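For the numbers below, each heavy atom of this structure counts, side chains included, while hydrogens, waters and symmetry mates do not. Owing to the predicted nature of the structure, the values given are computational and were not obtained by experimental measurement.
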2 protein chains.
Amino acid sequence: MRAAEPAAAAGSEPLRWDIIELLFFAYRDFVGDADHELEAFGFGRAHHRVMHFVTRYPGLKVADLLDVLRITKQSLGRVLKQLLDEGYIVQKTGNNDRRQRLLFATPKGEALVAKLAGLQTRRIDRALEQVGPAGAEKVRQFLRAMIDRDDPDKVLEAIFRTPVAAAKE
Amino acid sequence: MRAAEPAAAAGSEPLRWDIIELLFFAYRDFVGDADHELEAFGFGRAHHRVMHFVTRYPGLKVADLLDVLRITKQSLGRVLKQLLDEGYIVQKTGNNDRRQRLLFATPKGEALVAKLAGLQTRRIDRALEQVGPAGAEKVRQFLRAMIDRDDPDKVLEAIFRTPVAAAKE
DNA sequence: AATTTATGTCAGCCATATTGACGTTTCTGC
DNA sequence: GCAGAAACGTCAATATGGCTGACATAAATT
């Protein structure tokens with residue numbers, strides 16, 4: 001099988017078919033690692049995303065989480081309730097603003113997130129080995145540049161505050 | 001906001017929190033480009049995936065598509081029927097094996113796929129500019145190495161047959 | 001002739017997303 | 001202090017895109 005190159009609009013630059021498809025397959029297998037494990041817990045991808053960000057950014061407000069995940073509070077509500085009921089996450093009332101419910105992972109929650117991140121880390125390590133330390137920085141730069149920076153949420157701000165190592169090329 | 005590092009299992013290597021999160025946000029925005037455009041057509045991500053692979057690999061069999069997308073034929077059926085009905089895709093009976101329905105994109109279908117790929121290409125080009133040509137090859141190598149290679153489907157075989165350019169570092 | 005393969009289809013279920021409406025508590029501005 | 005806005009929760013209805021199981025047909029294979 002050979003890949004066809006659909007006619008591009010006249011005068012346009014070449015399309016990045018290769019990267020587009022590599023991203024599709026890479027992301028499919030990347031999230032697949034976690035998906036398989038989550039089945040055993042009766043959780044889905046939505047639960048993972050919530051748990052991940054709450055674990056990584058303790059004290060995240062509900063509104064922050066909505067910004068990051070880009071879903072509605074009704075959608076979040078269902079998933080969050082399950083995680084609260086089953087003891088993976090706890091809520092604490094905000095100190096300054098008592099309307100806020102700050103979210104924290106329990107040890108049980110942290111353990112699950114770490115386990116899932118472990119699976120994904122194995123895949124990432126394997127892939128980074130192929131490109132060396134300098135290549136790893138290039139990959140980070142590339143991924144950062146793929147992300148929209150207008151109107152960043154709190155989590156993205158935190159991520160972009162971390163400087164990338166200077167490229168040594 | 002600072003990112004917390006949840007306690008890793010004793011003795012384990014560090015987890016790749018940075019890459020894990022960059023992949024999440026990069027992919028979210030990457031598919032977001034197409035999602036917005038698809039709304040105008042009344043299509044979803046599922047339609048895009050089908051159209052994309054049929055356009056890129058003309059003559060794909062239904063069974064091949066099922067392998068690539070990793071969904072059931074019932075799920076595919078609904079989406080595929082819409083695309084056939086609305087004239088984005090046509091079926092032709094296989095020459096050797098008349099049971100097969102080979103799938104081809106119509107000009108209308110190709111145009112839509114090219115438009116969506118154009119949006120995604122703009123984002124990719126912007127990101128690749130940050131890392132230079134050598135960096136671009138590193139990114140390709142990384143993404144390839146993220147993909148499972150056991151039991152590859154026809155499309156993946158085609159992708160992996162294309163050699164990566166030798167790294168010039 | 002019997003079986004297997006490739007595909008299509010019917011019926012129903014589940015997870016995750018949506019919009020719209022409404023209620024409570026708490027903070028903020030005047 | 002009071003009006004209004006903000007942060008959150010929740011009810012109801014709906015859509016999308018997955019799933020399983022069962023069954024049908026045509027064509028290839030044995």
Side-chain angles (χ1 to χ4, degrees), chain A residues 24 27-28 31-32 34-36 38-52 54 59-86 89-104 153-154, chain B residues 24 28 31-32 34-36 38-54 59-86 89-104 153-154:
Chain A
F24 170 78
Y27 196 77
R28 181 187 72 174
V31 295
D35 285 348
H36 298 317
L38 284 161
E39 266 184 51
F41 291 81
F43 288 155
R45 221 173 269 183
H47 301 84
H48 184 198
R49 291 194 291 255
V50 171
M51 295 256 313
H52 173 96
V54 169
L60 212 56
K61 289 185 297 177
V62 170
D64 295 332
L65 207 39
L66 292 177
D67 282 347
V68 174
L69 302 181
R70 300 227 182 125
I71 57 175
T72 57
K73 67 179 166 175
Q74 293 84 340
S75 294
L76 176 59
R78 211 173 7 95
V79 171
L80 192 53
K81 193 170 188 313
Q82 276 182 273
L83 293 172
L84 290 165
D85 288 348
E86 301 188 30
I89 284 178
V90 290
Q91 288 181 327
K92 294 184 186 169
T93 300
N95 290 326
N96 307 328
D97 188 335
R98 291 172 38 82
R99 288 173 303 181
Q100 298 171 347
R101 300 298 139 82
L102 309 184
L103 303 171
F104 297 87
D153 52 59
K154 275 194 166 182
Chain B
F24 171 79
R28 180 188 72 174
V31 296
D35 286 347
H36 299 318
L38 284 161
E39 266 183 52
F41 292 82
F43 289 153
R45 224 173 268 183
H47 300 85
H48 184 196
R49 290 195 290 253
V50 171
M51 297 255 314
H52 173 95
F53 286 110
V54 169
L60 213 56
K61 289 185 298 176
V62 171
D64 294 332
L65 205 41
L66 293 177
D67 281 348
V68 174
L69 302 180
R70 298 217 184 138
I71 58 176
T72 58
K73 68 178 166 177
Q74 293 89 335
S75 295
L76 176 59
R78 259 182 321 195
V79 172
L80 191 53
K81 193 169 187 317
Q82 276 182 272
L83 293 172
L84 289 166
D85 289 348
E86 301 188 30
I89 284 179
V90 289
Q91 288 181 326
K92 294 183 185 168
T93 300
N95 289 327
N96 307 329
D97 188 334
R98 291 169 41 82
R99 289 171 303 181
Q100 298 173 348
R101 302 298 139 83
L102 308 185
L103 303 171
F104 297 87
D153 51 60
K154 275 194 167 185

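- Nucleotide dG18(D) holds its P atom 13 Å from the CZ atom of Arg28(A), rounded to whole Å.
- Atom pair Lys81(A):NZ and dT16(C):C1' shows a separation of 17 Å (rounding to whole Å applied).
- Residue His47(B) places its side chain closer to dG17(D) than to any other of dG9(D), dG17(D), dT26(C).
- Gln100(A) has no side-chain polar atom (N or O) that falls below the 4.0 Å cut-off from OP1 or OP2 of dC27(C).
- In this model, a side-chain donor or acceptor of Arg99(B) finds a partner on the base of dT5(C) within 3.5 Å.
- Distance from the side chain of Gln91(A) is smallest for dG9(D) among the nucleotides dC8(D), dA27(D), dG9(D).
- Among the protein residues, Gly77(B) comes within range of no part of the nucleic acid, since none of its heavy atoms lies under 4.0 Å from any strand.
- One atom, CG of Leu103(B), and another, C1' of dG8(C), lie 13 Å apart when rounded to the nearest Å.
- Residue contacts for Asp64(B): at a heavy-atom cut-off of 4.0 Å it reaches no nucleic acid atom on any strand shown.
- Within a 6.0 Å sphere centred on CG of Asp85(A), other residues, nucleotides and ligands contribute more than 12 heavy atoms.
- For Arg78(A), whose side chain is taken as the heavy atoms from C-beta onward, the closest listed nucleotide among dC8(D), dC19(D), dT16(C) is dT16(C).
- Following rounding to the nearest Å, Arg70(B) (CZ) and dC19(D) (P) show an atom-to-atom distance of 12 Å.
- The aromatic rings of His52(A) and His48(A) sit perpendicular to each other, their planes meeting at more than 60°, with 30° as the lower class boundary.
- The side chain of Arg49(A) places an N or O atom within less than 4.0 Å of a non-bridging phosphate oxygen (OP1 or OP2) of dA17(C).
- Between Leu76(A) and Arg101(A), it is Leu76(A) whose nearest contact on DNA chain C lies nearer the 5' terminus.
- The shortest heavy-atom contact between Leu103(A) and Gln91(A) is CD2-CG, 3.5 Å.
- Protein atom CG of Leu66(B) is 14 Å distant from nucleotide atom C1' of dT5(C), rounded to whole Å.
- When rounded to the nearest whole Å, the span between CZ of Arg45(B) and C1' of dT16(C) equals 12 Å.
- When distances run from any side-chain atom of Ser75(B) to the nucleotides dA7(D), dC19(D), dT7(C), the shortest one goes to dC19(D).
- At whole-Å resolution of the value, CG in Asp97(B) and C1' in dT29(D) are 10 Å apart.
- With DNA chain C read from its 5' end, the first of the two nearest nucleotides for Gly94(A) and Lys73(A) is the one closest to Lys73(A).
- Heavy-atom minimum distance, Val68(A) versus Phe24(B): O-CE2, 4.2 Å.
- Note that the CZ atom of Arg28(B) and the CG atom of Asp35(B) stand 12.0 Å from one another [nearest 0.5 Å].
- Between the side chain of Gln74(B) and the base of dG17(D), no donor-acceptor pair under 3.5 Å is found.
- Per the geometry, CG belonging to Leu65(B) stands 13 Å off C1' belonging to dT7(C), to the nearest Å.
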